[in-house]
*Asks:* 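Here it is: the structure, laid out below.
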Number of protein chains: 2
Amino acid sequence: MTLTEALPITDLNACCTPILREPMGADAAEKLARSLKALADPARLRLLSIVASHDDAEACVCDLTEPLGLSQPTVSHHLKVLVDAGYLSREKRGTWAYYSLTPDALDSVSGLISEL
Amino acid sequence: MTLTEALPITDLNACCTPILREPMGADAAEKLARSLKALADPARLRLLSIVASHDDAEACVCDLTEPLGLSQPTVSHHLKVLVDAGYLSREKRGTWAYYSLTPDALDSVSGLISEL
DNA sequence: ATGATAGATTGATGATTGTCGATGTACACA
DNA sequence: TGTGTACATCGACAATCATCAATCTATCAT
C-alpha cells in the first residue's frame, strides 16, 4: 500500500483530495450496473412490486399483464429480464407460469448501493 | 378498501394468489426507475465510488478522467447525469470543478429498493 | 493582451432497449 | 384428434444512450 508516503500538502495549486480507500473496480462496477439496469425500468419495478404484494410472493402472468397496461409479449420480456438478473424465479405449473421473488436478491443490491 | 370481501377460495382452476398490499403506483415506479437508471452504468458507479473514496467525499474531474479510461467529455457527461439525478453536487473553485456526494441520496434509493 | 489549462457543450454515430404484432409451443379439455 | 388457452420467442421499429472529436467558455499565469 503506497498510501502512507504521500503527505497531503494542501497546495493551493493542487486540485485533488487524497484517497481514503480503494474505489470500486471495473469488474465489480460492470456487475452491479447489470443488476441495476435490470431494475431501472418502471414496468419491471411494478412487476416486482406486484409479485411482492401477492400472498406467497408469487404471481402468474395473468395477474401482471392487465395492471401494467402492456402487451403480453412485453410483460413476458420484462419477466425474463428479471429472472435472468436473479430477482425472480419461474415455476411452471400446468398452463400457468408462476413468478416468485428470489430471497435476498433485492436486499443484496440495496446493500451494495449503500456501501458505494 | 375492498380487500376484506373477496374470500380466497383455493380453486384449482384459478391461477392467482390474493393480494396482500397495494403494489407500487405508476408514478412512483417512474420516479424510482429514473433514479436507478442514473445509477445503472459502470462508469457512473465508479465515479461515485471514486468520489466517496476521497477525503471529504470530494473530487475534481482531473481525478476522475484517468482512472476510468474515458475521454473528458464522456466523464463530464456522466457527472452531469449524476448531478441531475441528485447523487452529486458540483462546486466550482477557481479553474477546477469539485464534485461531492449528496448526503443520504444513495441510502434513500437503497431503502426504496428494499421496501419494494 | 496572450497563451495555457479545466471543464462544459455540441453534433454525430453505433449500440442498446422498450414495445408490439405475429408466430410458435406446451398443456388442458372436449 | 382438435380446439382453446397461457405463455414464450421472433422480427421489426422507434427511442434512448454511451462515447468521442471538435468546439466553446472561463480562469489563471506571464
Side-chain angles (χ1 to χ4, degrees), chain A residues 11-17 26 29-30 32-48 50-51 58-85 88-100, chain B residues 11-17 26 29-30 32-48 50-51 58-85 88-100:
Chain A
D11 189 343
L12 288 178
N13 282 352
C15 76
C16 312
T17 337
E30 196 86 37
L32 180 53
R34 255 195 305 272
S35 293
L36 288 172
K37 226 173 275 242
L39 226 50
D41 180 272
R44 291 197 285 271
L45 286 174
R46 298 185 74 192
L47 284 174
L48 285 177
I50 293 174
V51 171
E58 175 179 273
C60 60
V61 182
C62 57
D63 288 322
L64 305 169
T65 303
E66 184 258 342
L68 257 63
L70 293 175
S71 72
Q72 174 264 318
T74 301
V75 173
S76 266
H77 161 69
H78 285 308
L79 288 170
K80 179 172 168 44
V81 171
L82 290 171
V83 168
D84 289 347
L88 291 180
S89 67
R90 194 183 96 107
E91 185 198 358
K92 189 151 191 188
R93 291 204 299 270
T95 311
W96 294 291
Y98 289 84
Y99 287 88
S100 53
Chain B
D11 190 341
L12 288 180
N13 282 355
C15 75
C16 313
T17 339
E30 197 86 37
L32 179 53
R34 255 195 305 271
S35 294
L36 288 172
K37 226 173 276 245
L39 227 50
D41 180 273
R44 291 198 285 271
L45 286 174
R46 298 185 74 191
L47 284 174
L48 286 177
I50 292 173
V51 171
E58 175 179 272
C60 62
V61 182
C62 58
D63 287 322
L64 304 169
T65 302
E66 183 258 342
L68 258 61
L70 294 175
S71 72
Q72 175 265 319
T74 301
V75 172
S76 265
H77 160 69
H78 285 309
L79 288 170
K80 178 171 167 46
V81 171
L82 289 171
V83 168
D84 289 347
L88 290 180
S89 68
R90 193 183 98 108
E91 185 199 357
K92 187 152 190 189
R93 293 204 298 271
T95 311
W96 295 291
Y98 290 85
Y99 287 87
S100 54

*Asks:* In whole angstrom, what separates His77(B)'s NE2 from dC17(D)'s P?
*Replies:* 8 Å

*Asks:* Would you mind reading off the distance between Gln72(A) atom CD and dA8(D) atom P, rounded to a whole angstrom?
*Replies:* 7 Å

*Asks:* Remember a base hit wins even if backbone is also touched, and classify His78(A) as base, sugar-phosphate or nothing at under 4.0 Å, heavy atoms.
*Replies:* sugar-phosphate

*Asks:* Looking only at heavy atoms, what is the nearest atom pair of Arg46(A) and Pro67(A), with distance?
*Replies:* NH2-O, 3.7 Å

*Asks:* Under 4.0 Å between any heavy atoms, over every strand shown, what does Arg90(A) touch: base, sugar-phosphate, or nothing? Just pick one.
*Replies:* sugar-phosphate

*Asks:* List in chain and number order the residues that pass side chain to side chain donor-acceptor pair (under 3.5 Å) with Lys92(A), two or more places apart in sequence or in another chain; answer none if no residue qualifies.
*Replies:* none

*Asks:* Write down the distance between CG (Leu39(B)) and C1' (dC17(D)), rounded to a whole number of angstrom.
*Replies:* 16 Å

*Asks:* I need the NZ-C1' distance between Lys92(B) and dT27(D), as an integer number of Å.
*Replies:* 7 Å

*Asks:* Take the protein atom CZ of Arg34(B) and the nucleotide atom C1' of dC17(D), then report the distance between them rounded to whole Å.
*Replies:* 16 Å

*Asks:* Between Ala59(B) and Val51(B), what is the shortest heavy-atom contact and its length?
*Replies:* CB-CG2, 4.2 Å

*Asks:* So what does Arg93(A) touch, heavy atoms closer than 4.0 Å: a base, only the sugar-phosphate, or nothing?
*Replies:* nothing

*Asks:* Return the nearest nucleotide to the side chain of Ala43(A); candidates are dT19(C), dC7(D), dA8(D).
*Replies:* dT19(C)

*Asks:* Rounded to the nearest 0.5 Å, what separates atom CG in Leu45(A) from atom NE2 in His78(A)?
*Replies:* 10.5 Å

*Asks:* Counting only side-chain heavy atoms from C-beta out, which of dC28(D), dG7(C), dC27(C) sits nearest to Ser76(B)?
*Replies:* dG7(C)

*Asks:* Over how many whole Å does the gap from Trp96(B) atom CH2 to dA6(C) atom C1' extend?
*Replies:* 8 Å

